[in-house]
Every structure is written in structure tokens, then in C-alpha cells.
Amino acid sequence: MVTRRAEAAGGAGATVDEGPAVQDHYPADAAHCYGCGARNPFGHHLKTRWADGSRTETITRFTPGPEQTAMPGYVYGGLVASVLDCSGTGSAALAGTHAAGLDLEGDGSLRYVTGTLEVRYQRPTPMSVELVVRGRVEEVKGRKVTVALTMTAGEDEVASGRVVALQLPDEMRSS
Ligand SMILES: CCCCCCCCCCCC(=O)SCCNC(=O)CCNC(=O)[C@H](O)C(C)(C)COP(=O)(O)OP(=O)(O)OC[C@H]1O[C@@H](n2cnc3c(N)ncnc32)[C@H](O)[C@@H]1OP(=O)(O)O
């Protein structure tokens with residue numbers, strides 16, 4: 001499956017969403033996360049895909065609602081962190097699964113948890129605008145994946161950060 005959503009068709013900075021969302025291929029016993037788990041009815045249901053064919057850049061989209069307000073018209077910073085967090089673990093899952101030579105749709109995804117999350121709030125994040133998080137896979141080293149992230153709202157970069165994600169230890173899996 002290939003999903004393509006050109007932001008500015010043919011223009012500079014055009015971005016496409018490429019292929020399946022990694023979260024749709026998480027193991028069922030590790031799909032309850034508030035940010036990205038398909039099995040959490042109250043969560044954000046973030047979807048992270050490769051942004052292009054290079055297998056180093058990812059994209060995740062989320063539109064916040066009024067219940068996620070910090071002050072009228074602006075998004076709560078914890079929500080910004082949450083979206084960066086699960087965009088990072090999703091990017092790590094894409095990269096780790098790819099590096100392991102596994103096929104996302106055939107084999108399913110490896111699962112990652114956050115070891116470290118860094119967030120830099122650069123500008124107030126406007127409410128009810130689609131937030132686009134771009135991930136850049138910096139390193140895949142054993143069970144550890146490092147991903148640099150930026151979040152834009154329209155033309156503005158509102159936040160950036162970095163996630164160090166570790167492959168989910170077996171003891172954290174539920175039966
Ligand atoms: C049913 C459940 C479903 C669960 C499904 C959950 C999915 C949630 C996804 C959404 C994000 C979340 O909210 S996750 C929830 C928040 N996160 C957590 O609760 C994680 C709590 N922390 C842990 O369980 C642990 O500390 C881990 C798993 C992160 C790491 O322990 P470990 O796996 O034993 O790591 P270890 O072998 O010692 O180290 C391997 C390499 O990683 C580095 N490293 C180790 N810890 C960290 C760290 N915190 N930050 C950076 N780097 C680290 C080491 O220096 C080493 O680098 P080198 O020497 O090789 O270079």
C-alpha cells in the first residue's frame with residue numbers, strides 16, 4: 001500500500017507519506033499505548049510512515065482539539081511532547097524493523113519504548129491546525145535507535161526534539 005499526501009504538490013518541501021503506518025503492525029500485546037496504540041480507545045492513534053524511499057525520514061500527523069488547550073488558541077505542551085514521543089518510537093520501530101531485514105506487513109513491527117525524550121518548545125503551537133512531525137533516523141545501534149524530530153504547524157516550526165528508543169524488553173510484554 002502506498003499513501004501519498006503532497007503538502008505542496010510539486011513545490012519545494014513537498015512531503016509524501018509512504019507506505020503502511022507502523023502502528024498498524026505493532027504486536028497486539030504491545031498496542032495499548034495512549035499515544036500510538038490501536039487498541040487504546042481513548043488515545044491519539046498516531047500513525048507514522050516513511051516520508052520517502054530513503055528509509056531515513058518519517059512523517060506523523062496529528063490535529064489537536066480544544067480539550068488539549070494550554071491557553072485559548074494554543075496547544076498544551078504535554079500534548080506536544082506526547083506527539084513527539086510516539087512519533088519517535090514509531091520512527092524507531094520503522095527503522096529497527098527495516099534494519100533487522102523484516103517486512104513490516106509480512107512479519108510485523110519490532111516494538112520500542114522511550115529511553116530518553118528531549119523537547120524544545122520553539123513557538124506557541126496553534127490549536128486546530130494539523131501538526132506534522134518529521135523524524136530523521138540518526139542511528140540504529142543494536143537495540144537502540146536515535147531519532148531527531150521537528151514539528152511544524154503550517155509554515156512554522158513549533159517544536160523539535162530527539163528520542164532515544166530501546167527495543168521493548170521481553171519482560172515488559174503482557175501475556
Ligand atoms: C506490555 C507492555 C507494552 C509496552 C509498549 C509500550 C510502548 C510505548 C511507546 C510509547 C512511548 C512510551 O510511553 S514508553 C514508556 C516510557 N518508558 C519507559 O517506561 C521505559 C523505562 N525504562 C526501561 O524499561 C529501561 O531503562 C529501557 C528498556 C529503556 C532500557 O533498558 P535496557 O534495555 O536494559 O538497556 P541496556 O541494555 O542497559 O542499554 C542498551 C543501550 O541503550 C542505552 N540506554 C539504556 N537506557 C537508556 C535510556 N533511558 N536513554 C537512553 N539510552 C539508554 C544504553 O546506554 C545502551 O547503549 P549502548 O551502550 O549500546 O550505546
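What you are looking at is a predicted structure, and each value in this text was computed from that prediction instead of being measured. In each ligand, atom 1 is the first atom listed, and ligand 1 is the first ligand listed. Numbering starts at 1 and runs along the sequence shown.
- Between Arg143 and ligand 1, a contact under 3.5 Å exists for at least one N or O pair.
- Close approach of ligand 1 to Lys141 is summarised as follows: ligand atoms under 4.0 Å from at least one heavy atom of the residue are 58 (P), 60 (O), 61 (O).
- Ser128 and Thr63 make their closest contact through C-CG2, 4.1 Å (heavy atoms, listed as atom of the first residue, atom of the second, distance).
- When the options Val145, Leu168, Leu166 are ranked by their closest heavy atom to atom 45 (C) of ligand 1, first place goes to Leu166.
- With hydrogens and angles ignored, the 3.5 Å screen pairs a side-chain donor or acceptor of Arg49 with a backbone N or O of Gly19.
- When atom types are taken as modelled, the side chain of Arg39 and the backbone of Ala28 share a donor-acceptor pair closer than 3.5 angstrom.
- When side chains are defined from C-beta on, His44 counts as touching Phe62, because their heavy atoms get closer than 4.5 Å.
- When every heavy atom of Pro64 is checked against every heavy atom of Met127, the shortest pair comes out as O-SD, 3.7 Å.
- Of the N or O atoms in Lys144, one or more lie within a sub-3.5 Å distance of an N or O in ligand 1.
- In summary, the atoms of ligand 1 found under 4.0 Å from a heavy atom of Val164, numbered by their order in the structure, are 51 (C), 52 (N).
- Cys33 counts as a contact of ligand 1, since one of its heavy atoms falls under 4.0 Å from the ligand.
- Contact between Gly135 and Val147 at its shortest, heavy atoms only, is CA-CG1, 4.1 Å.
- Distance alone, capped at 3.5 Å, places no donor-acceptor pair between the Thr97 side chain and the Leu94 backbone.
- Annotation: Asp29 places no N or O atom under 3.5 Å from an N or O atom of ligand 1; distance criterion only.
- For Arg111, no nitrogen or oxygen atom sits less than 3.5 Å from a nitrogen or oxygen atom of ligand 1, counting backbone and side chain alike.
- Remark: distances from the non-hydrogen atoms of Tyr34 to ligand 1 are all 4.0 Å or more.
- Here the side chain of Asp85 pairs no donor or acceptor atom with the backbone of Ala81 at under 3.5 angstrom.
- Taking distance alone, with nitrogen or oxygen atoms compared against 3.5 Å, Gln167 stays at or beyond that limit from ligand 1.
- Counting heavy atoms under 4.0 Å from ligand 1, residue Thr114 touches it through both backbone and side chain.
- Using a non-hydrogen distance threshold of 4.0 Å, Cys86 registers as a contact of ligand 1.
- Nearest heavy atom pair, residue Val22 against residue Gly90, reads CG1-O, 3.5 Å.
- The residue His32 has no part lying near ligand 1, judged by heavy-atom distances below 4.0 Å.
- Near Gly115, with a cut-off below 4.0 Å to any heavy atom, the atoms of ligand 1 are 48 (C), 49 (N), 50 (N).
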